[in-house]
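In what follows, a single structure is set out as structure tokens and then discussed.
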Amino acid sequence: MNIEQARAAMSHPAFCGLTHQHLGELIEELAPGWEARCESGRYERRQGARRRQTGGGPKYELVFTDRVLATLVHLRTGLSHLALAVICEVGSSTIGRAISEIRPLLAERGFAVPDRPGIRLRTLADVFAYAATENITLRIDGTETQVRRPKAHCPGRRAFVSGKRRQNTIKTTTISGQQGRTLWSGAVRPGRMHDQTAVRTEGIADQLRQHPTVKAEVDEGCRGLANEFPDQSTTRRPGSRRTSTTRR
């Protein structure tokens with residue numbers, strides 16, 4: 001499989017999750033920000049202005065379009081860096097750098113609001129303000145993703161060992177609406193961190209205090225949050241859509 005065939009496969013909605021029209025719009029929107037970051041990095045490395053004409057110097061192994069596609073496929077399907085590297089005929093480190101470059105650009109766009117074209121939720125405060133205005137019950141949960149084991153003798157190595165999964169993971173706090181649509185995804189934390197600690201670190205408890213009308217559903221890992229805000233938070237039982245109010 002050559003790069004053209006790989007690009008055609010990854011751009012299919014089944015892999016990237018976007019139609020060709022939306023994918024083109026996304027690439028066009030992200031390209032200026034990516035190029036600006038790359039040029040800023042090059043400026044710092046050479047400690048001065050460009051000495052060659054634009055386009056000079058070594059070329060990227062993956063062009064910007066392929067970097068976006070690889071990132072979208074990784075986020076949607078969980079395909080590993082190594083597998084994507086085989087598809088794109090590059091090294092796994094190249095895929096890792098591409099994903100680390102594109103993910104911040106995607107995060108800065110925020111999350112789209114259903115039936116509200118042009119409005120995006122970029123911060124946690126935006127999400128709670130939107131929930132208060134639209135009377136939406138938020139669903140708060142932590143997700144864990146397995147990662148490669150850190151190098152031996154690396155400081156903080158044990159922080160990634162999840163007590164629940166017994167694997168090296170990273171944990172992300174996610175908030176969705178009543179229909180399951182993602183409205184916010186928090187900063188990545190080491191997998192050993194408890195869900196309750198991650199929620200408080202993100203500032204969700206502070207937002208509940210500032211928005212007393214907002215209701216939230218949490219899982220058993222965040223029972224302490226439901227205990228602190230019994231009138232706003234309810235605890236979901238594992239494997240059930242029903243919620244039960246948590247007692248003090």
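Sequence positions, counted from 1, serve as the residue numbers for this chain. Since the model is a prediction, treat every value here as computed from it, not as a measurement.
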pair [X]-[Y]: side-chain heavy atoms closer than 4.5 Å:
X    : Y    : result
L72  : F15  : no
M10  : C16  : no
I175 : F128 : yes
L23  : L69  : yes

So which heavy atom on [X] is nearest to which on [Y], and how close?
X    : Y    : answer
I95  : A70  : CD1-CB, 4.4 Å
G110 : R120 : O-NH1, 3.4 Å
A98  : T71  : O-OG1, 3.8 Å
T19  : P13  : CA-CG, 4.3 Å
A8   : S11  : O-OG, 3.0 Å
A132 : T213 : CB-OG1, 4.1 Å

Got a second to check how far [X]'s [atom1] is from [Y]'s [atom2], nearest 0.5 Å?
X    : Y    : atom1 : atom2 : answer
W184 : L124 : CH2   : CG    : 4.5 Å
L183 : L121 : CG    : CG    : 6.0 Å
D231 : K215 : CG    : NZ    : 6.0 Å
H81  : C88  : NE2   : SG    : 11.5 Å
N135 : T133 : CG    : OG1   : 10.0 Å

(message) Between R7 and D66 (side chain of the first, backbone of the second, donor and acceptor by atom type, cut-off under 3.5 Å), is there such a pair?
(response)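 Not a single qualifying donor-acceptor pair exists.
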(message) Quick check against the 3.5 Å criterion: does T77 have a side-chain atom that pairs as donor or acceptor with the backbone of H74?
(response)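 No: the side chain of T77 does not pair with the backbone of H74.
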(request) Would you kindly confirm whether I87 and L82 end up in one hydrophobic cluster when ILVMFWY residues are joined by side chain heavy atoms under 4.5 Å apart? (result)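 Each belongs to a different hydrophobic cluster.
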(request) Establish whether L26 and F111 are linked, either directly or via other cluster members, by ILVMFWY side-chain heavy-atom contacts under 4.5 Å. (result)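 Cluster IDs for L26 and F111 differ.
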(message) Tell me if the CZ atom of R122 is crowded by more than 12 foreign heavy atoms within 6.0 Å.
(response)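 Check passes, neighbour count above 12.
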(request) Determine which pairs satisfy salt bridge (Lys or Arg N to Asp or Glu O under 4.0 Å) with at least one residue from residues 18-34, sequence neighbours left out, and list them in order. (result)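 Every salt bridge (Lys or Arg N to Asp or Glu O under 4.0 Å) pair that includes a residue of residues 18-34, provided the two are not neighbours, is E29-R109.
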(request) With V68 as reference, evaluate L62, L105, I102 under the side chain to side chain contact (heavy atoms under 4.5 Å, CB included) test and give the passing residue. (result)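 Exactly one pass, corresponding to I102.
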(request) Applying ring pair (Phe, Tyr, Trp, His ring centres under 6.0 Å), name anything that partners F64, two or more places apart in sequence or on another chain. (result)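 With neighbours one apart ignored, the set is W34.
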